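Everything numeric here is computed off the predicted structure, so don't read it as measured data. Just so you know, residue 1 is the first one in the sequence shown, and it goes up from there.
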Amino acid sequence: MSKKCKMFLSGVVEGFYGRPWTMSQRKELFTREQRWGLNAYLYAPKDDYKHRMYWRDLYSLEEAEQLMTLISAARERSVEFIYAISPGLDITFSNPKELTALKRKLSQVCGFGCRSFALLFDDIETEMCPADKEAFSSFAEAQVSVTNELFLHLEEPHTFLFCPTDYCAAFCTPSVPLSAYLNTVGEKLNAGIDILWTGPKVVSQDISVASIEEVSAVLRRPPVIWDNIHANDYDPQRLFLGPFKNRPTELIPKLRGVLTNPNCEFELNFVAIHTLASWCSYGQKDVSMDGDDQGSDYNPHEALRLALSDWLVEFGRADQPDGAGGGRSKRDEEPMQTDGYDGYAKDNPLYTAEPLTLDDLTLLSELFYLPYEHGATAVLMLQELHCLRREDSERGKEEWRQRAGKFDDMCAAVVQMFNRLSNVPNRIILYDLYNYICDIKSGVTMAKAYVKTLGGQTPHPALALTNDPEPWGFRGGLSGEFQRMLPSHGIRDLFRSPPATRVYTIRPCTPKDQPEVLKIFKEMQIETQQKVELVGDRLVEGHVTPSQNCSLILDDAAGVCGYAFALSDAKTAMTKAQYPETMLQDFPSVMAIQIHSRVPDHSTAERLIEQMLSALRDSGSKGVFSEFRSNDRRMYDFLKTLDVFQVLKVDGLPTNLVIMGTKL
């Protein structure tokens, strides 16, 4: 099949860690996909033993029957069923028996009626076994060899996807364009095979057109996005009900497809899949109109409103889990115990469940929005609580009381939402949702009690802030305890800086510091175990004297924890022409920097670097470069996060060396 005939893949990947979806849930997914205009489903549940851990084992007769039924159900709904297998945990690429096992397994699935496949090498160790090291020059070459063989064995299936081990930009060393792994994949993987990609990160906040153009050039084909923006398998307390966003529809003509890997709980993915479908429909309209002015573009807020409106209907359907009792599909099947009830004037009124509203679902979505942002109401609640905590001198005054009242009303709306959700007819959705809404209700209730305490009121004894609280007064169990001890805990707090856990000092280097500097330097060499001659090493070891004001030490309470040394004219420290003259014209200065692994605070390193760059500017330098051994991944990632230096493309550079630079 030629590339021109390939359809744009849009749909869902069941690729999370945790309990796989049931067969009935998958069939319901196919119905929804057809209704919303999506066309693909990638079967890749991490906890399906025969997909990943026991990939060599064939399916039993009972399992085969289930898969055949599922593949047939997908076909009936015009959904492309893509069967994925993940052998990377223990495959020996050079052993022909392993390839035979893969062929046998995929041939079996092909016999079930499946015509599309995927081979996944994500989330595995990159170290090859001795036998593979003898047979292949690189990990990428080993993977490509097996993948190409399988593709040919299947006689060019409808769709064949390959998931690389470096499946996002953050995993690529030293960068996407310079990644030896990705370049090998792009060059040697059969052109009929498509490649999965998650974007800049595993969970990408944004995916830009420029980033896709960059990776497409390396892969020599447009990627299929495996989108983790709604995935929640990494945090059991988080759920994502915000819209598909921060992916411009201009991406669509530059992609082979988009598959969302959503929340683990099937029923809670209504919004994620619905809004992806809206995004795809807008983007494909734009493509079909050849760039003409459409008058409108995908609006994530409008897409969310439409999704929540449709979801509200689903909440109203009387539905019970298999085997659950106590439910009725029709309220009038038999008399209720309260029918004809006549209470006395002084009796308690009968409890009447309030119906769920669109406002309730909007609030729910804003409380459980997206990985990198809260919804509008959640932001407002956090802002109000932050101000109420901070304004010690204002407590008791009218403005503070009004603000406290506003916060109290917002907390009450969350409790009201919880109560209405607890009484919806569709218990299947409720049971997927219950732990999350119970947790947020408890959280806001404690916050509400805290504000009452600040205002001089006495909360309910169960919510009182004491030295001996009830268990619900300290959240998160052992995991929560670990997180609270980490210096980065709270770093994504939108309203305050994380508390300073250490005090750092940046000062000039003295001769007394040399032993500690060399200790850090030698620790780094032991970590990397690469013998590469660097210009910067001569500065650190004292063979060359740094330029004036260009030797700095970073201190914490334990002593020296980092250093930066620089030379305004790098050529004076070179024993030979190590780097091209063209590079040295733009980046004449060299800087050696190392931060100890005990320093988690990126801003501290940024201040050290900025102080050094300032000194180099004063010396008249117009650019500076820094050298790193290619497997000094910790330091490379550290600098990459700061976004101060960029990886330089240098002709003739050894593969075990990375050069980063910045203009001054």
Side-chain angles (χ1 to χ4, degrees), residues 203 205-206 229-230 232 235 237-243 245-246 271 299-302 304-305 308 357-419 421 436-457 459 463 465 472-476 480 483-484 486-501 601-603:
V203 181
Q205 182 174 8
D206 305 274
I229 192 63
H230 286 97
N232 72 337
D235 189 341
Q237 289 183 300
R238 302 186 74 186
L239 165 70
F240 302 114
L241 301 176
K245 63 179 296 193
N246 297 330
V271 169
N299 183 325
H301 303 294
E302 177 64 17
L304 177 60
R305 188 188 67 79
L308 292 175
T357 68
L358 183 58
D359 286 343
D360 293 320
L361 285 189
T362 301
L363 174 59
L364 177 69
S365 172
E366 291 181 345
L367 297 176
F368 298 96
Y369 202 62
L370 290 171
Y372 296 99
E373 59 180 309
H374 300 305
T377 300
V379 170
L380 184 58
M381 291 183 76
L382 289 169
Q383 286 174 332
E384 292 298 325
L385 181 57
H386 177 66
C387 292
L388 289 165
R389 288 176 56 200
R390 187 184 58 190
E391 296 172 351
D392 295 351
S393 61
E394 300 298 316
R395 291 172 192 167
K397 294 183 179 179
E398 180 60 25
E399 185 177 346
W400 190 94
R401 286 198 299 270
Q402 288 179 357
R403 174 163 265 159
K406 180 180 178 182
F407 182 75
D408 191 278
D409 290 343
M410 289 189 287
C411 291
V414 174
V415 174
Q416 182 184 60
M417 174 204 73
F418 172 87
N419 291 334
L421 282 167
Y436 298 105
I437 60 173
C438 188
D439 186 59
I440 193 63
K441 176 201 171 190
S442 178
V444 300
T445 300
M446 288 191 294
K448 176 180 175 180
Y450 173 58
V451 171
K452 286 185 178 297
T453 303
L454 293 178
Q457 301 179 50
L463 299 171
L465 300 175
W472 52 79
F474 44 95
R475 318 287 291 174
Q483 290 178 41
R484 283 185 281 272
L486 300 178
S488 60
H489 183 64
I491 200 165
R492 294 213 61 86
D493 192 312
L494 302 180
F495 311 107
R496 62 180 176 84
S497 300
T501 55
D601 189 353
H602 290 194
S603 63

Inset, instruction - Please name the pair of heavy atoms, one in Val271 and one in Gly242, separated by the smallest distance, quoted to 0.1 Å. - result: CG1-O, 3.6 Å

Legend entry - Atom of Ser365, atom of Leu241 and distance for their closest heavy-atom approach: OG-O, 2.8 Å

Legend entry - For Arg238, all residues meeting side-chain hydrogen bond (donor to acceptor under 3.5 Å, both in side chains), sequence neighbours excluded: none

Inset, instruction - Drop me the distance from Leu308's CG to Leu361's CG, to the nearest 0.5 angstrom. - result: 5.5 Å

Legend entry - From CD (Gln402) to CG (Asp408), nearest 0.5 Å: 14.0 Å

Inset, instruction - Can you measure from NZ (Lys245) to CG (Asn299) and round to the nearest 0.5 angstrom? - result: 10.0 Å

Legend entry - Minimum heavy-atom distance Val203-Tyr372, with the two atoms named: O-OH, 2.6 Å

Inset, instruction - Report yes if the side chains of Pro371 and Ile229 come closer than 4.5 Å at any heavy-atom pair, otherwise no. - result: yes

Inset, instruction - Taking all heavy atoms of Tyr450 and all of Leu385, pick out the closest pair and write down the distance. - result: CD2-CD1, 4.3 Å

Inset, instruction - With sequence neighbours left out, write down each residue that passes side-chain hydrogen bond (donor to acceptor under 3.5 Å, both in side chains) with Thr362, or none if nothing qualifies. - result: none

Inset, instruction - Answer yes or no: is there a side-chain heavy-atom contact under 4.5 Å between Lys406 and Leu380? - result: yes

Legend entry - Nearest-0.5 Å distance, CG of residue Leu239 to OH of residue Tyr369: 13.5 Å

Inset, instruction - Give, for atom CG of Leu364 and atom CZ of Phe418, the distance between the pair rounded to the nearest 0.5 Å. - result: 12.0 Å

Legend entry - Smallest separation among heavy atoms of Trp400 and Val451, with atom names: CH2-O, 3.7 Å

Inset, instruction - Grab the two heavy atoms, one from Lys441 and one from Val414, that are nearest each other, plus how far apart they are. - result: CA-CG1, 4.4 Å

Inset, instruction - For Glu384 and Phe407, indicate whether the former's side chain and the latter's backbone hold a donor-acceptor pair under 3.5 Å. - result: no

Legend entry - Pair Asp360-Thr357, side-chain donor/acceptor within less than 3.5 Å: yes

Legend entry - Reported CE-to-CG distance for the pair Met381 and Leu367, which is rounded to 0.5 angstrom: 7.0 Å

